[in-house]
Amino acid sequence: MILLYRICTDANVEPGNNSAYQTIQSAVYSGNLIINVFPGIYNEQIVIDVNNLKIIGTNQQNVVIISPKGQNGIIIRANNVFISNITIDSQTNNADVAIVIQDGMQPGNPNFNIGCNNTIVNCLIKGSSNRFAIYVAGASYSAGSQTIQYYNNQQLQQNNTIIQNTLISNCDCDGFSFSLQKNGTFAHNIIIGSRLAVYMCIDSLIFNNTIQNSINNGIFLSTPSENCKLINNTILNCKQQGIIVQNELEHNLINGINGKKFVIQNNSIQNSQESCISICGDVNNPIYGFLLQNNSFQQCGDHGIYLQYSYGRWNCFFLFTM
């Protein structure tokens, strides 16, 4: 019997070094599972469809990926990908999404087992003026009943983690979009200029983030969502609500499909121009079973808390106006 062993070494990417790869994309397909990226400006789109890959910059400020105009910066269509210590810039060319995690399938032919267990840590992400900075997209369901069906069956991408990053965006939609996820984590991040949005997620944690100077909301939670926790976030100077929970409008909700068992706890909201917290169901799809606890407000706009067709528990609020 002949046994063949494949020995993988690290791949180095360094412009001007003839013994290293000159582009990150060429290193992705080199067969090496650890890619060390040295300082340089990388004008390229990077498509990752290799599992268990690590891309690690040697210096966040000096390792810069600039997204080409009209293209995304990094596209992840794989599992167990780890990216750290890099600047991804879609702002310079007003490009598309800086980082997108997707299944790469055609709409209506989803594969929720692709795009799982990925981690983005300690990166600087600069979004364009018209697209998300980071889009964790979920599987490629068709809008409408197919999306509702897969959500109800909990057939969602899982265990994606976005932690300790800085996102800069002046997009009037979402700076960060977390869609159709289970057991996802968005923690210890800073978002400047736009909102953090969570769409139809289950068992996901939004923890200890700072959102400041958003041109819309601070955090947007779309229902149906279940067992999601918004805890210890700081939201400063929003043009609209600090936190808003609202029924999903894109997928034609069936009556009675709504949010439940979510927690909004220990958040600090200052100087939101509209309500600090709004939870807005409708007559056919009320929002119920939530817990609001120990949130603090300062300089609210029109309401501290605004509830519409919403039924839950709340206590221990500390309300300050100046």
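- For the pair Leu230 and Asn233, the tightest heavy-atom approach, listed with the atom from each and the gap, is C-ND2, 3.7 Å.
- Shown here is Tyr309, whose OH atom has no more than 12 heavy atoms of other residues, nucleotides or ligands within 6.0 Å.
- Atom SG of residue Cys228 and atom CD1 of residue Ile202 lie 8.0 Å apart, to the nearest 0.5 angstrom.
- A 4.5 Å side-chain heavy-atom check between Ile35 and Asp10 finds every atom pair outside the cut-off.
- Residues Gln25 and Val47 come closest through the heavy atom pair OE1-N, 2.6 Å.
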Return a table of donor-acceptor pairs under 3.5 angstrom between the side chains of residues 69-78 and protein atoms on other chains or two or more places apart.
residue, atom, partner, partner atom, Å
Asn72, OD1, Val97, N, 3.0
Arg77, NE, Gln102, OE1, 2.8
Arg77, NH2, Gln102, OE1, 3.1

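- In this structure, the separation between CD on Gln246 and OG on Ser222 is 8.5 Å, given to the nearest 0.5 Å.
- Below 30°, between 30° and 60°, or above 60°: for Phe290 and Phe262 the angle between ring planes is below 30°, a parallel geometry.
- The line from OG1 of Thr185 to CG of Leu205 is 5.5 Å long, rounded to the nearest 0.5 Å.
- Between the side chains of Gln240 and Glu274, no donor N or O sits under 3.5 Å from an acceptor N or O.
- Side chain to side chain, Asn122 and Ser84 fail the donor-acceptor criterion of an N or O pair below 3.5 Å.
- Put simply, CD1 on Ile192 and CG on Asn189 are 11.5 Å apart, with the number rounded to the nearest 0.5 Å.
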Should Asp103 and Asn111 be marked as a side-chain hydrogen bond (donor to acceptor under 3.5 Å, both in side chains) after you check the CA-CA gap, both sets of side-chain angles, and the distance that decides it? CA-CA 6 Å; Asp103 64 359; Asn111 188 337; over 6 Å; no
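- The CG atom of Asp302 sits 4.0 Å away from atom OG of Ser275, with the distance rounded to the nearest 0.5 Å.
- Side chains of Asp282 and Asn247: a donor on one and an acceptor on the other come within 3.5 Å.
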Checking Met200 against Thr147 for the side-chain contact (heavy atoms from CB on, under 4.5 Å) test, could you report, in this order, the C-alpha distance in whole Å, the side-chain angles of both residues, the deciding distance, and whether it holds? CA-CA 9 Å; Met200 300 179 69; Thr147 298; 3.8 Å; yes
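- Aromatic ring centres of Phe176 and Phe186: separated by under 6.0 Å.
- Between Tyr199 and Phe220, the distance from one ring center to the other falls under 6.0 angstrom.
- Here the side chains of Ile279 and Leu292 are in contact, with some heavy-atom distance below 4.5 Å.
- In this structure, the side chain of Gln308 engages the main chain of Gly281 through a donor-acceptor pair within 3.5 Å.
- Pairing each heavy atom of Ser140 with each of Met105, the nearest pair is OG-O, 3.1 Å.
- No option in Val245, Ile269, Asn267, Ile235 other than Ile269 meets the side-chain contact (heavy atoms from CB on, under 4.5 Å) test with Ile277.
- Atom CG of Asn217 and atom NZ of Lys239 lie 12.5 Å apart (nearest 0.5 Å).
- Side-chain N/O atoms of Asn32 and Ser30 include a donor and acceptor closer than 3.5 Å.
- Asn208 and Asn232 share no donor-acceptor pair across their side chains, judged by distance under 3.5 Å alone.
- Side-chain contact between Tyr151 and Gln146 is absent, with no heavy-atom pair separated by less than 4.5 Å.
- Pairs of residues two or more places apart, or lying in two chains, that qualify as salt bridge (charged side-chain N to carboxylate O under 4.0 Å, His left out) and include a residue from residues 171-180 are Asp174-Arg195.
- Under the 4.5 Å side-chain criterion, counting only non-hydrogen atoms from C-beta, Ile134 is in contact with Ile162.
- Side-chain contact annotation: Gln181 with Asn160, donor-acceptor N/O pair under 3.5 Å present.
- Side-chain contact between Leu236 and Asn213 is absent, with no heavy atoms from C-beta onward closer than 4.5 Å.
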Tell me, with the steps shown, if Val63 and Asn85 meet side-chain contact (heavy atoms from CB on, under 4.5 Å). CA-CA 8 Å; Val63 176; Asn85 222 27; over 6 Å; no
